[in-house]
Amino acid sequence: MTRTVDFYYIVMRNGADYDRLEPIRNAKPTLMMNESSMIKTSLSGDFVQNDAVDWLTDQIRPELVIDGVAHPLGVYLPATVTPIEDENTKSVHVEAYDRCWLVRDNYTETIRHFAAGSNYITIVKQLLTEAGVVVQIVTPSTASLTEDREDWDIGTSLLTIINDLLQEINYNPLWFDATGAAIVEPASVPTAENIEHTLDDSNVESLLLPEIRRETDVYQAPNVFVCVVSNADKNAVMAATAVNDNPQSPLSISRRGRRIVQFKRLNNIASQSELQAYADRLRNESLFTGETITVRTGLLPGFGVADVTALHYGDLAAICIERAWAMELTVGGRMMHKLEKVVIALG
């Protein structure tokens with residue numbers, strides 16, 4: 001089956017489409033996602049100089065067009081724009097980051113006070129609005145601050161405050177989807193029921209290249225998780241423990257024959273139940289095998305951050321988390337997926 005593929009690089013001004021960028025000839029602009037980075041996705045590439053673009057305020061919205069259908073690939077803020085010396089064409093090299101950059105680049109100018117009883121998600125939404133993020137897809141929570149908070153020094157990034165608060169209620173760090181919307185959502189355990197993508201070597205649009213690479217790193221990986229919250233505003237120390245005793249997990253106590261303890265001290269948490277959920281989350285993440293699988297595919301739209309992906313390749317069938325991906329935005333381009341294999345919890 002043959003696909004027609006094209007790419008557009010739309011320049012946005014004040015939230016509306018304004019102009020376009022054109023890649024220089026034979027250029028391969030690249031999109032990258034790294035789940036462990038504070039700013040999850042980035043765009044880099046060489047483009048023909050467009051004097052109508054305001055590199056300080058305009059944003060770039062790339063699209064992947066497959067068989068006439070446009071698929072959004074995010075919204076990016078130029079961070080560095082470097083002129084390219086070429087006697088034939090005026091061009092620039094652009095490094096741009098998703099709208100997390102906008103949030104990270106906003107810093108507190110005073111000590112922030114959040115009153116006891118304030119809803120965590122309400123605070124997060126207010127901080128996003130303050131940073132200029134209009135489109136927010138937010139999962140509500142009833143969790144509220146148990147005491148007055150002035151935890152962050154002057155000059156703290158709003159992104160740091162937001163991610164600290166989200167951690168305290170067991171939400172994922174802030175990320176932005178392919179439409180440029182802020183995603184605020186609870187952390188979840190990957191299961192067969194929440195698979196978002198399938199990479200299958202029998203699908204011509206999926207695994208196009210025959211080779212895969214597998215690596216394992218489990219040295220000193222913990223299987224007991226002890227979490228403690230202690231600060232001057234709390235009447236007593238809060239503690240929670242979770243244990244990886246899943247016999248299917250190669251890192252579990254039964255499989256390794258010993259307890260390897262990770263001690264985690266937190267400054268604050270919403271409640272004892274959230275602290276236990278945090279410890280359980282660390283335990284659940286230990287059900288990942290430590291095995292990373294790298295595959296290359298055709299260009300596939302719709303991938304976000306830490307998506308749950310099913311992989312079928314010969315005799316290998318696995319449920320994985322997308323830890324990173326990269327797309328070559330060119331006709332015939334490839335997509336690299338760095339996956340971590342998951343062991344599904346029993347019962």
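Keep in mind the model is a prediction, meaning the values are calculated, not measured. Residue numbers start at 1 and run along the sequence shown.
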- Task: Taking the side chain as every heavy atom from C-beta outward, state whether Phe114 and Asp148 have any atom pair closer than 4.5 Å.
- Result: no

- Message: Is any side-chain heavy atom of Pro186 closer than 4.5 Å to one of Thr139?
- Response: yes

- Query: Is any side-chain N of the basic residue among Arg112 and Glu130 closer than 4.0 Å to the acidic one's carboxylate O?
  - Reply: yes

- Message: Could you check, using the six-membered ring where one of them is a Trp, whether Phe303 and His337 have ring centers closer than 6.0 angstrom?
- Response: yes

- Is it the case that more than 12 heavy atoms not belonging to Glu150 sit under 6.0 Å from its CD atom? yes

- Item | Distance, nearest 0.5 Å, that separates CG of Leu77 from OG of Ser42 | 12.5 Å

- Message: Can you confirm whether the side chains of Asn268 and Glu147 place a donor and an acceptor under 3.5 Å from each other?
- Response: yes

- Item | Gln136-Thr129 side chain donor-acceptor pair, cut-off 3.5 Å | yes

- Apart from Met12 itself, its cluster of hydrophobic side chains linked below 4.5 Å comprises Val75

- ring-ring contact (aromatic ring centres under 6.0 Å, His included) pairs touching residues 51-79, sequence neighbours excluded, are none

- Item | Worked check of side-chain hydrogen bond (donor to acceptor under 3.5 Å, both in side chains) between Arg13 and Gln59 | CA-CA 7 Å; Arg13 179 169 294 177; Gln59 301 179 17; over 6 Å; no

- Message: Which residues end up grouped with Val48 if you chain together Ile, Leu, Val, Met, Phe, Trp and Tyr wherever their side-chain heavy atoms are less than 4.5 Å apart?
- Response: Ile24

- Task: Could you pull out all residues at least two apart from Asp177 that satisfy side-chain hydrogen bond (donor to acceptor under 3.5 Å, both in side chains)?
- Result: Thr179

- Output yes when Arg149 and Glu168 qualify as a salt bridge under the 4.0 Å nitrogen-oxygen rule, no when they do not. yes

- Just how far is it from atom OG1 of Thr160 to atom CG of Leu127, taken to the nearest 0.5 Å? 11.5 Å

- Item | Any Ser91 side-chain heavy atom under 4.5 Å of Asp46 side chain | no

- List the steps and the verdict of side-chain hydrogen bond (donor to acceptor under 3.5 Å, both in side chains) for Asp280 and Gln276. CA-CA 6 Å; Asp280 291 344; Gln276 185 60 57; 3.0 Å; yes

- Under the side-chain contact (heavy atoms from CB on, under 4.5 Å) test, residues paired with Val135 that sit two or more places apart: Ala181

- Message: Nearest 0.5 Å, please: how far is CG in Asn119 from OG in Ser144?
- Response: 5.0 Å

- Considering only Ile, Leu, Val, Met, Phe, Trp and Tyr, and joining two whenever side-chain heavy atoms are under 4.5 Å apart, list the other residues clustered with Ile154. Ile111

- Query: Between Arg20 and Glu22, is the closest basic N to carboxylate O distance under 4.0 Å?
  - Reply: no

- Task: For the pair Arg323 and Glu35, find out whether any cationic side-chain nitrogen is under 4.0 Å from an anionic carboxylate oxygen.
- Result: yes

- Query: Between Lys40 and Asp98, is the closest basic N to carboxylate O distance under 4.0 Å?
  - Reply: no

- So how far is it from Ile10 CD1 to Arg61 CZ, rounded to the nearest 0.5 Å? 3.5 Å

